[in-house]
Amino acid sequence: MNRQNNSLRSVRAGFTLIELLVVIGIIGVLSAVMIGMMGGTSESAKATQCMTNLRSLSVAVLNYAMQDDDGNFPAAGSHKWTYYGGGTSYPERKGWISWNYPHPNNKSKAGGSVISFNESDDKLLRFAVTNGCIWACGGKSEKAYVCPTHDAACLKANKRHPGWSYMMNESFGWARSGTGTPLASWTGLSHNSMRPYDSTKKTNVSRSPDKVLLFAEMQGLTDAKHNLQAVVNGSGDGGDGVLQYRSSSEVIGFNHKQSGGKLSGHVAFADGHVEKLLYPSSGNVEQLTKWLCSGREVSFNGSMYQDLQGND
């Protein structure tokens with residue numbers, strides 16, 4: 001009996017090489033699954049936070065319009081003068097992100113300089129956000145201005161935290177270089193009557209607020225497959241928080257990885273709702289940007305976006 005027990009103990013004393021390899025293989029598979037699940041959760045969390053930010057900013061814009069005496073939306077960017085038709089000019093007007101005003105308490109003195117999202121002076125960067133015209137209308141949260149993906153890209157490139165990660169459609173009352181108001185150029189409305197998307201007042205503007213882009217993401221993800229490069233060093237027009245689809249090739253950003261290697265981006269519309277857009281394999285993002293900024297109705301067939309109203 002003793003010999004038999006000793007024999008059993010020797011058999012049970014260890015694993016065979018094959019058993020060890022099987023166990024190691026199982027552990028490897030489980031680790032890969034867990035890492036994949038954790039990575040997916042992280043990406044999903046970033047995308048969810050980004051959508052929440054855009055909703056918050058949209059609510060702030062709508063609150064601003066409700067409180068404005070004329071029902072005007074805020075300007076996409078600060079500007080020194082607004083000029084239209086008859087030659088009338090107005091003093092500087094704050095955008096949703098503010099310029100650096102030399103005389104912030106004296107509206108009769110126009111002037112100031114653009115502040116970029118990666119401004120090195122922390123006080124100046126915070127001033128741009130908190131002095132923006134929607135700050136007091138949206139809960140006063142600096143986090144609502146920053147997409148986690150854009151923030152991570154800036155830090156990875158050894159840049160500072162961005163002050164904001166979103167751009168507002170330039171059609172909202174912004175005069176580039178003081179030469180005219182993009183909004184007036186296609187609605188026929190003056191600066192003092194800038195309420196084409198105000199749901200509280202009737203206007204003669206045919207564009208529907210649920211079709212007109214209000215905010216879009218900056219490009220915060222580098223993706224070689226789609227030839228996308230993260231914007232981590234904004235300067236001048238590229239970092240001022242205005243989506244200049246008319247005068248440049250600024251486009252909607254696509255920052256969030258989806259299953260199957262696809263990318264998505266988030267946009268907010270003038271009625272306050274937020275949508276997720278998939279990156280088109282055709283790459284016609286510049287066209288898409290122009291269509292949405294000007295209120296065109298578009299469709300997506302899985303590879304490219306099309307203008308349902310038949311315009312280029």
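In this model, a donor atom of one side chain and an acceptor atom of the other lie less than 3.5 Å apart for N301 and S303. Between T149 and N255, the side chains place no donor N or O within less than 3.5 Å of an acceptor N or O (distance only, hydrogens not considered).
Note that CD of E297 and CG of L308 are 5.0 Å apart. Values are rounded to the nearest 0.5 Å.
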Side chains of residues 261-270: which donor-acceptor pairs under 3.5 Å do they make with residues two or more places apart or in other chains?
from : atom 1 : to   : atom 2 : distance (Å)
S264 : OG     : H256 : O      : 3.4
S264 : OG     : Q258 : NE2    : 2.9
H266 : ND1    : E217 : OE2    : 3.3

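Put simply, the side chain of N100 does not reach to within 4.5 Å of the side chain of E119, judged on heavy atoms. In this structure, Y245 and N169 have side chains that are in contact, with non-hydrogen atoms separated by less than 4.5 Å.
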Exercise. Give the C-alpha distance, both sets of side-chain angles, the deciding distance and a yes or no for side-chain contact (heavy atoms from CB on, under 4.5 Å) between F117 and C154.
Key: CA-CA 11 Å; F117 70 80; C154 289; 4.2 Å; yes
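Checked against side chain to side chain contact (heavy atoms under 4.5 Å, CB included), D151 has the following partners two or more places apart in sequence or in another chain: V146, L155, H161, P162. Not counting sequence neighbours, the partners of C137 by the side chain to side chain contact (heavy atoms under 4.5 Å, CB included) test are A60, N63, Y64, Q67.
Taking the six-membered ring for Trp and the full ring otherwise, the centers of F215 and Y166 sit at least 6.0 Å from each other.
Linking Ile, Leu, Val, Met, Phe, Trp and Tyr residues whenever their side-chain heavy atoms come within less than 4.5 Å leaves W164 and V59 in two separate clusters.
Between W96 and Y145, the angle of the ring planes stays under 30°, which puts this pair in the parallel group of the 30/60° scheme.
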